[in-house]
Engineer: 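First, the structure itself, so that you have it in front of you.
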Amino acid sequence: MKLVPLALCSALLIPACHAELVVIVNNANNETISGTTVTNIMLGKTKAFPSGAKAIPVILDYEAPDLDGFLNKSVGKSAAQFRAYWSKAVFAGIGTPPQTFKTSQDVVDLVARNPDVIGIADSAAAKGKVKVIAMP
Amino acid sequence: MQSHSATRFHPRLSSLRTVIAACFIASTLTSAALAEVSTSVSGFGSFVGGKVINGDGYIANYTELGIYGKNGSATFGPSDDGWMNQETRLGVQGTVTLDPATRITAQVVSRGTRSYSPEVEWLFVGRELATNLNVQAGKLRIPAYMYSDKIDVGFAYPWLRVPADAYSLDSVNFNGVKLNYDMTEGEFGERLSVWAGTDNEKNSKLMSYLFNTQIDRNHRFVGIVADSTYGPAELRLSYTKDNMKQATNDPANAFRNEKFNEEFIDVAFQYQLGDLTLMAEWNRDRPFYRSQFVSAIYQFGVNSVYLTQSKFKLDEPWEKHHTVSLGYRRDIGSNMDVKFDITHMVDEGKNPFTGDRNPVIKIKPGHATTVSASFDFIF
């Protein structure tokens, strides 16, 4: 799956008045990121992008609207299943779940500042500031 | 010029200056290090209540001796007064991140079976040696089973309890070292772990109960675990070797002061087919027993139902039983759930000398039906 620049997403895929959750990376990130890579990073199965560069996942608060459905679609787990999955790593002391943020703006700001970060945020907040990764 | 003037210092002053400089550098480094230090606290809990509705008693957790006894049963330890205390537990875990690669983790657990007295169950240092390689040293969980790491975290698994028949090792933690290597390639993931350590079980809860006398066990472990995932499938293999010494002052005990070369092999498989998850785990503990479970879990929205069958068979004829559990889970938000479970155990053990029913279950017959409910959460 090719990484699709935000402009293309904005122009072709995302209706202007309808915000939805998307996976975003820094504008300087030129990795080719597939849905499988996103899943592996979000589930902590890998800590790096395909090139080997460090990858730090962040997401919205678990109570954020639409997060449950988006995690189901993109990672194959509901928010509860996602947290249950991560609790294994947390309570085994071998991993830390993606840091959560209250607003999409917080996620976008962090992704815009740090090229290592990959996040889930609202497409409206992401527009023009970061790259959006097309998900299947 | 500076070096010239420095030579005018008395040697002791020069030494003092060196010490001051070292202190300054050390304090600077320490400050820098402390600036990096961060802490986090997380936790879990399960409030579990159960009642035997048919039969005299049911062992729901062998390691912790979580036993639901029917009122009036003298052989089953707790009476109905203990119906909320057999599996209820609360855990708090603190993690101190010393630097991006080094963390100290401590987990304190309070259990109903131990009068809710908090005990440090895990305490270890973890360090990333490379991107995919990390080492842990300290007091850790023995990774014998697929659910060993999260056996206390009810929210992390679909059942009200892990299948007791297949999760009955008496020793659960060890003091030692564990090395983990992770690899991911597309949908394929692999985690390899090797570990070694010891555990001194003074008055082993399970063994002392089974033999009606104090049993002490000293373990020396080495083990290896290979956990492979491919898309919705997971296969986990573990092998543990244990040089175990068992001691008791009871002269009548057949296993008095014996040494065992114990081997534990566990094979676990999980496959997710849409909303249906299938799981199976089989293990062999040489020279003592074999056990297993199979389970199907169907998820619909925030609800799920499960059907599980498990078996335990001692190599000697004394102990043999199988269990069927039917249960329901409902997620509440993203960090809580409630579960209901009905479990029926069929006792097939017997005393080979007298033909009496199961001497481990200690009642005849040991068949039992138990209903349970739980509330699990993490934070």
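Residue numbers begin at 1 in each chain, while the letters A, B, ... track the order of the sequences.
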Engineer: Measuring from A:S87:OG to B:Y157:OH, what's the distance to the nearest 0.5 Å?
Structural biologist: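 Taking OG in A:S87 and OH in B:Y157, the distance rounds to 10.0 Å.
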
Engineer: Relative to chain A, which segment of B:F44 carries a heavy atom at a distance below 4.5 Å: side chain, backbone, both, or neither?
Structural biologist: both

Engineer: List the atom of B:G333, the atom of A:A80, and the distance in Å for their closest heavy-atom pair.
Structural biologist: O-CB, 3.9 Å

Engineer: Heavy-atom count check: over 12 atoms from other residues, nucleotides or ligands less than 6.0 Å from B:E185 CD?
Structural biologist: no

Engineer: Look up atom OG1 in A:T46 and atom CG in B:N132, then write down how far apart they are to the nearest 0.5 Å.
Structural biologist: 6.5 Å

Engineer: Got a second to check how far B:I378's CD1 is from A:F91's CZ, nearest 0.5 Å?
Structural biologist: 6.0 Å

Engineer: List the atom of A:A84, the atom of B:A156, and the distance in Å for their closest heavy-atom pair.
Structural biologist: O-CB, 3.8 Å

Engineer: Take atom CZ of B:F379 as the centre, draw a 6.0 Å sphere, and report whether it contains more than 12 heavy atoms from other residues, nucleotides or ligands.
Structural biologist: yes

Engineer: Is there a donor-acceptor pair under 3.5 Å between the side chain of A:N40 and the backbone N or O of B:G186?
Structural biologist: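 Answer holds: yes.
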
Engineer: Is B:T95 in contact with chain A via its backbone, its side chain, both, or neither, using a 4.5 Å heavy-atom distance?
Structural biologist: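 For B:T95, no heavy atom lies under 4.5 Å from chain A.
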
Engineer: Using non-hydrogen atoms only, which part of A:K88 is less than 4.5 Å away from chain B: side chain, backbone, both, or neither?
Structural biologist: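 For A:K88, backbone and side chain are both near chain B.
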
Engineer: Closest heavy-atom contact between B:R103 and A:G95?
Structural biologist: NH2-N, 3.5 Å

Engineer: Can you name the closest pair of heavy atoms from B:N335 and A:R83 and give their distance?
Structural biologist: CB-NH1, 3.4 Å

Engineer: Short question: side chain of B:T184, backbone of A:K45 - any donor-acceptor pair under 3.5 Å?
Structural biologist: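 Between the backbone of A:K45 and the side chain of B:T184 there is a qualifying donor-acceptor contact (under 3.5 Å).
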
Engineer: At a 4.5 Å cut-off on heavy atoms, which part of B:T229 comes close to chain A: side chain, backbone, both, or neither?
Structural biologist: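 Answer is side chain: those atoms of B:T229 sit under 4.5 Å from chain A.
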
Engineer: Measure distances from B:Q93 to the heavy atoms of chain A and classify the residue's part below 4.5 Å as side chain, backbone, both or neither.
Structural biologist: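 Just its side chain gets close to chain A.
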
Engineer: Counting only non-hydrogen atoms closer than 4.5 Å, does B:R141 touch chain A with its backbone (N, CA, C, O), its side chain (CB onward), both, or neither?
Structural biologist: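 Nothing of B:R141, per the 4.5 Å heavy-atom cut-off to chain A.
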
Engineer: Under 4.5 Å, counting heavy-atom pairs only, tell me which of B:M336, B:Q272, B:R191, B:E190 racks up the most with chain A.
Structural biologist: B:R191

